[in-house]
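Below is one structure, written out as structure tokens, with a few remarks after it.
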2 protein chains.
Amino acid sequence: MDTAKIKRLESAGWQVGSASDFLDLSEEETAFIDLKLALSKRLKELRTAQQISQKELAKNIKSSQSRVAKMEACDPSVSLDLIIKTLFVLGATNQDIATAIIR
Amino acid sequence: MDTAKIKRLESAGWQVGSASDFLDLSEEETAFIDLKLALSKRLKELRTAQQISQKELAKNIKSSQSRVAKMEACDPSVSLDLIIKTLFVLGATNQDIATAIIR
DNA sequence: TGTTAATATGTCATATCTGATATATTAACA
DNA sequence: TGTTAATATATCAGATATGACATATTAACA
């Protein structure tokens, strides 16, 4: 199993609040993943609330359905840049993003 | 003059509040740059408050002085990922980051 | 069950970001 | 003025993220 897959599983694990030690990450690294996770979660919330398919959103951001799926799965191959840009396309405000981060 | 340089100048321009139309960016693109700018500004604030040189910070994040300088200049070649990771190394909390974004 | 739309996962060539390095500029002080 | 530390800027080879595509899985319904 490759690192990407492990990280993806780890992310899923954190998402539901379980503890795990496949990887030993520094405090800064986990903080970063948590932040990314919170935003990818918000991304999915906004998309589903707007009843848009991943394919449709992909078109709006000039990307592909698979990349949207990866964003929502918080795949390690997606950057925070892409997630944030997509949030703005979904109509998120700075306040939305800030709230998603602290919540 | 290349795009990177123009964008850098643009960023500096926005930072001091001037209007410009070298580039015509969409609302989402300007929102993204504004957010990045706010965070790079906060990064510099945290570093200077801690009286750390760019060189020292670079060592802490295993990068180089020049990259730190580019982060603080909000150079288009730096990712949001790198800026956020660095903020965490500087001891920023999610609340700090959220505040920097909405302020 | 089959059909269909939505979503998930794997892979890859290309684009973009990376740390490193060199060098320029700036600021503070003798 | 010179010297020094800090910061800024330019460039580049290697690393990582990208959209695209193929294919698998899931869910809802006939």
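Throughout, protein chains are lettered first and strands after them, A, B, ... in sequence-line order, and every chain is numbered starting at 1.
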Checklist outcome for this item: B:Leu43 CG to D:dT7 C1', in whole Å, measures 14 Å
Next on the checklist: Please find the pair of heavy atoms, one from A:Thr93 and one from A:Phe88, that lie closest to each other, and give the distance.
Outcome noted: C-CE2, 4.4 Å
Next on the checklist: Quick check: on DNA chain D, is the nucleotide nearest B:Val68 upstream (toward 5') of the one nearest B:Asp81, or the reverse? Name the residue that is more 5'.
Outcome noted: B:Val68
Next on the checklist: Between D:dC21 and A:Ser66, counting only base atoms on the nucleotide and side-chain atoms on the residue, is there a donor-acceptor pair under 3.5 Å?
Outcome noted: yes
Checklist entry - If you take all heavy atoms of B:Ser77 and B:Lys70, which pair is closest and at what distance? => result OG-CD, 4.3 Å
Next on the checklist: Between the base of C:dG10 and the side chain of A:Lys70, is there a donor and acceptor pair under 3.5 angstrom?
Outcome noted: yes
Checklist entry - For the hydrophobic clusters of this structure (ILVMFWY residues joined by side-chain heavy atoms under 4.5 Å, transitively), does one cluster hold both A:Ile61 and A:Leu87? => result yes
Next on the checklist: For a quick check of understanding: with a heavy-atom distance under 4.0 Å over all strands, which category does B:Lys59 fall into, base, sugar-phosphate or nothing?
Outcome noted: nothing
Next on the checklist: Between the base of C:dA8 and the side chain of A:Gln65, is one N or O donor paired with an acceptor at under 3.5 angstrom?
Outcome noted: yes
Item to check | Atom-pair distance (NZ on B:Lys85; C1' on C:dG19), nearest Å | outcome: 13 Å
Checklist entry - Is there side-chain contact between B:Ser53 and B:Gln65, with heavy atoms separated by less than 4.5 Å? => result no
Next on the checklist: Could you tell me how far apart A:Lys36 (NZ) and D:dA17 (C1') are, to the nearest whole angstrom?
Outcome noted: 10 Å
Checklist entry - Rounded to whole angstrom units, what separation is found between the CE atom of A:Met71 and the C1' atom of D:dA17? => result 12 Å
Next on the checklist: Tell me the interatomic distance from B:Gln54, atom CD, to C:dA20, atom P, rounded to whole angstroms.
Outcome noted: 15 Å
Next on the checklist: How many whole angstroms separate atom CZ of A:Arg67 from atom P of D:dA20?
Outcome noted: 11 Å
Next on the checklist: Using whole Å, what does the distance between atom C1' of nucleotide D:dT9 and atom CG of B:Asp75 come to?
Outcome noted: 9 Å
Next on the checklist: Let's test your reading of the model: under 3.5 Å, does the base of D:dA8 pair with the side chain of B:Glu72 as donor and acceptor?
Outcome noted: no
Next on the checklist: Please classify the nucleic acid contact of A:Ser63 as base, sugar-phosphate, or nothing, using heavy-atom distances under 4.0 Å.
Outcome noted: sugar-phosphate
Item to check | Side chain of B:Lys44 - closest among D:dT18, D:dA6, D:dA8 | outcome: D:dA8
Checklist entry - Within the structure shown, what part of the strands sits under 4.0 Å from B:Ser79 by heavy-atom distance: base, sugar-phosphate, or nothing? => result sugar-phosphate
Next on the checklist: Taking any heavy-atom pair under 4.0 Å as a contact, classify B:Val78: base, sugar-phosphate, or nothing.
Outcome noted: sugar-phosphate
Next on the checklist: With a 3.5 Å limit on both atom pairs, tell me what D:dA28 is paired to, counting Watson-Crick and G-U wobble, or say none.
Outcome noted: C:dT3
Next on the checklist: Side chain of B:Ser53 only, heavy atoms from C-beta on: which candidate in D:dG19, D:dT7, C:dA8 is closest?
Outcome noted: D:dT7
Checklist entry - What is the distance, rounded to the nearest whole Å, between atom CG of B:Leu57 and atom P of D:dA6? => result 13 Å
Next on the checklist: Show the nearest heavy-atom pair for residues A:Leu57 and A:Ile52, with the distance to one decimal.
Outcome noted: N-CG2, 3.5 Å
